[in-house]
Structure formats: structure tokens, C-alpha cells
Amino acid sequence: MWHRDSDRFRTFTRRALILGAGQGVLLTGLAARMYYLQVMESNRYSVLADENRISHRLLPPPRGLITDRFGTPVAVNRQNYHIMIVREQAQDVRRTLEILNQIIELGPDTIERVERDVARRRSFVPVTVRDNLSWEEVARVGVNAPDLPGLIIDAGRSRDYPEGPHLAHTLGYVAAVSEKELTGDPLLELPGFRIGKNGIEKVYDLALRGSAGTSQVEVNALGRVIRELDREEGNSGNTVVMTLDLELQRYTNQRLSRKESASAVVMDIHNGEVLAMASHPTYDPNAFTNGISHKLWNSLVNNEYSPLSNKTVTGTYAPGSTFKMCVALAGLEAGVITANQRFFCPGHLDLGNARFHCWKRGGHGWVDMHDSMKHSCDVYYYEISQKIGIDRIAAMANKLGLGELTGIDLPNERSGLIPTKDWKEIQLGKRWQGGETLISSIGQGYVLTTPLQLATMVARIASGKAVKPHLTRDHVTPEGITSRASEEFPELQVNRAHLARIRDGMNGVTNELRGTAHRSRIDIKGMEMAGKTGTSQVRRITMRERQTTGVLDNDELPWKYRDHALFVAFAPVDNPRYACAVVVDHGGSGSGIAAPIARDILIKAQELKSARPGISAANITSTAQLRHPAQPDRGEKEG
């Protein structure tokens, strides 16, 4: 019996020891694991815990400013008040919105949209009710805050264009990022972030964006923000200084506004700075900042005068008689004519069985180069073109900046067209005809140019250099700013004596009796301009029309069938500084319609001394250096 109990005790003891040993091993392993996790890996798990608790969020940076050449801001960031609603705090969202609608205007569409957004999101996530509240509306909502549970008034930034329509086509506008514009940059995915969609805003978008800031906020397991732990504001984008003179730009827009559709460009002939660039009709870019309505968008798109189009760079026109300077210069450079050589104009020229008419039915009689430009004789240029051919005309036109992109810092520029024999054979599969050379010599047929190209042509004739136009005073990139001040344009590689002959002919157009633009001359001493008129047909005048009813006047035709009116000029005559091109769509006469506009604009440019030095973005260290829009700064003398 005793032996049996003793055996049972020994068995129990062994099992207890084995069990105790097992428990000891487990406890030791658990202790070792806890030591490892809490001591050896404490830093790692502390970081992981913080990552669950702390959320890092991007803050959109202030967009860079855009100014005119003298430092007046023309694209700024203004404080934007907006109202948001939080569902879990509002209790009854519908009732809160109805009460708010009695205080500030919402409308049924807004209320329905907010209710949809609220239903889709978590109860603690704010939903925007309305943007762009005035200070008066903010005050009214604030006073009634006790009756509006769940509403939050928040302040942000939105792009603002103080000049509105005056700079719409050059500045462009900003708008929300579309799906196809997402590049993986997290900044683009921020709610409400805006990027440049047109104009300078688009070309220099990366430089204007700046770099994002960060905010560290503590959140709970559901993602609700408890508090902000740290905040670092982003760096604002670079300031872009344009070459435009705001006062001249305003005046140019006002001068064009008397016509249905028109455009104008003013350039500094020495450095290519565009001092004014206007396209009429225009639009207000502020309408695009926070989303344009369908009604307004449709009214702009369906407008026959194309207010959304910047006609100075996208409008292509037959240059008419303004092209004759290219033909005359090509003839002189080719050596096939001299400036004193005369041709007889009976009012037409016959080639084969076709007759090509001069604009003056009775003809101009004997004319040399000076008189041909002064009176704009077509037959003289028919004669020259037969001697030099279309390819040499095209080569000179290209040298003067026609038929090629100018490289202006704007999107969607068009190159126009200067035809050649090869071009027609490749594009149309047909051989070039002699009659097409005659038509091209007076700026008709296939020849197409933009107003900016015409201004560039005049700048090159007046300066003798291969001037290229640009709209900003510096090269601006996200990496930094470099000044254009030291840039030099190469010589045009054209005989300067020949250029002087062309300038002399342009002087005759405006400043000599019976010149086609003599009535539009500038009679202020020291401000005189030299120019060239142009009238380009947009319809074919048939022989039957000539023989029966006669050529109809523009006033007898629907607007879209009337001739375009063009005028190009430089001033002052004795010391050229400004080049100008004006095109009035379907305006009729270049001498009677476009020339007076160019005259007024060139007088204004010289009065304002628009080409005098302005500021450079490379030298701006703070926004305090920029001028307030209402602050005059015209006291300096031109050096």
C-alpha cells in the first residue's frame, strides 16, 4: 500500500515539475518578448503609433503674383470666405440650410447639391455650402450663428484679376484640375486646388504654384481631427513680371471696344517687349476661378465674335497690302529691281487669259517703289512678283517673321502660312500657277498672318534686327528667375539701305499728301508715325459681279463677308521705338478704320513712355516693392 502511494507521489511530482518547467519557459519567453517589444523595439513602435495617431496633410501654397512692367499687380490672391456644414453637428441639415437660405441666397440647386454631398460623406466631414461670400454676408451669418448649428465659416484664398477683361487673353485664368491633368503630384489632388488653364497662368504654371506646406494633426481611429500639432506654411510661387504697360493696355482695349471684333499689338522694336496686346471682344477671367456657369459658357462659345479667342496669336488673316513691304524688300535684295525703277499701272495686269485688277480702277500711271507704297498700287507688285517668284518672296517673308511661330510665351499660337511651290505640291498635290504669285504679292490667296507676326515684321524693318516678341521681363522657372536684359537679337542680314527705302515708303503713306493714311497721320512734332494700310478680301469677287452690279460696298454686305481692315506702323519716324499692328475683323477700309486706331494707340504709348525701364522679378525681394493698382508712377523721365 505504502509503495503504491509512493509511486503515485513520484509520478505527480514529475508531472508537476514538467508542468512548472513548461510554465517557466513560457513565462521567460513572454518576458523576453515583452522586453524586446517594449525596450529594444520601443522607438519603432512609438513611430508606428504616432503614424496611426498623427496625420500629415499638405497645405496649398499661395500662388505667385503677376504684375505689369511697372509692378502693378494684375493677378493676386484674395481672401475667400466660404461656408461649410458638418452633419453630426447640424442635427437637421435640411432645416439649417433653409434658415441659411433666408439669410444669404443659396437657391434650390445648391441645397440639393449640399444634401447629396452630406449623404455621401462621413458625418464629421465638412461639406462646402457656398464660396466667395462678401464680408456683409459673413457678418449676417455670424450674427445668426446660434440658429445655424453645424455651420462653419472658413477663410481660404482664391485667384483674383483686378483688371478683369482688360488682360483676360494674356493672363488667362486658373481652374480646377481635371482627371487628365493629374500627374502624380499630390499637390494637384488637394480639394479646390487650381492650375493655370490659359495665357501666362498656363505657360508659367509650375513657377507660379510654389511648394506645399504641411500640417500635422492628431486624429482618432475614425479619422476625425482632434487637434493640430504642428503647421509649416508653404513657399509662395515666383512673381512673374509682364512686359505690358497696364495703362496702355487699358487704353488699347477701350479703343478697340468701339468695333465688333478687333485686335492690336504694340511692341518695343529694340528688345521685343510686348507693351500692349488686346483682343476684342473679351471676357472676365474671374468667372472661371470658381467654376463658370453653363449659361455663361454657352454665351461665350456661341458668340460669333469669338470672345474666348486671343486673335493676336490665334487669328489668321490675309495681310492684304501690308504684305507689299515684304515683296518690295525681296525685289531689292534679289537685285532684280531698283527703288527708282518705274512701272506703268493702267488699273490692271493681264496674265494669259486672266486679268488682275488694281484697287484703283483707272490705275496709278507711272510709279516707283516710294509711290507704289504711298498709293498702295497693286500692279507695281504684280510686276515685281513675276520677276522674283513666290519662293524668294516667301524667304523674305520668313526672314521678317511671317509664316513661322514667333515663340511668344503664350499657348496656342498659330504660325500662319507663307506658301511656296513645294508647299502647294506637297499639301495640295498641284503645281504652282503664275497667277497665284500675283495674288500672293498683294497679301491674298494662301497667305495668312497673325497680328503679332505683322507687328514683328514692322519691328524688324524698323530696327534691322531679328527681334522676337515676348510677354515677360524675365525667364521664370520653378528653379529661379533670370533676367532678359542682356539678350541681344542678331542682325537681320538684310541691306540696311534697302530697309531705309521701305521705311521711307511707309513714311510717305502717312506723312505725304495723297498717302493712303495721310488723314490718320500723327501731327505732333517728334511723335510722327510711318505705316502701311491693308484691306484683305474674305470673299471672291467674280467677273460677273464686276460687269453687272459692280463690286458691292462693304456696307451692302453681311458683316462676315466684309473685308478685313489692317494697319501696321512704327513711331517715331526719326527714332523708331514702337511697332504697332491693328486688325479690325470685317472692318472694311484699312485707311479709314484701322489706321486711326493705330494712330491713337501710338500717341498714347509715346505720351506714357511705355517702353521706359520697369521692374524685374529677379530684383523683387518682397511684395512691398510692388505698386498698388491705384498708385501712379509716371513721374520719371525716359533715359
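Along the sequence shown, residues carry numbers from 1.
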**Asked** When you look at CZ of R484, are more than 12 heavy atoms from neighbouring residues, nucleotides or ligands closer to it than 6.0 Å?
**Response** yes
**Prompt:** Do L171 and V74 have side chains that get closer than 4.5 Å, going by heavy atoms?
**Reply:** yes
**Asked** For residues T312 and N310, is any side-chain donor paired with an opposing acceptor at under 3.5 Å?
**Response** yes
**Prompt:** Is there a donor-acceptor contact under 3.5 Å linking the side chains of S376 and S321?
**Reply:** yes
**Prompt:** Looking at Y251, is K604 sitting on its ring face, NZ or CZ under 6.0 Å from the six-membered ring centre and within 45 degrees of the normal?
**Reply:** yes
**Request:** Examine H280 together with Y305 and report whether their ring centres are nearer than 6.0 Å.
**Result:** no
**Message:** Under a 3.5 Å threshold, yes or no: a donor from one side chain and an acceptor from the other, between S589 and T535?
**Reply:** no
**Request:** Only one of V265, T170, I408, T406 passes side chain to side chain contact (heavy atoms under 4.5 Å, CB included) with V313; say which it is.
**Result:** I408
**Request:** Classify the side-chain pair H475/E487 by whether it contains a donor and acceptor separated by less than 3.5 Å.
**Result:** yes
**Prompt:** Between K374 and E512, is there a salt bridge with N-O shorter than 4.0 Å?
**Reply:** yes
**Prompt:** Which class fits the ring pair F288 and W297: parallel under 30°, tilted 30 to 60°, perpendicular over 60°?
**Reply:** perpendicular
**Asked** Do Y317 and T449 have side-chain atoms, one donor and one acceptor, less than 3.5 Å apart?
**Response** no
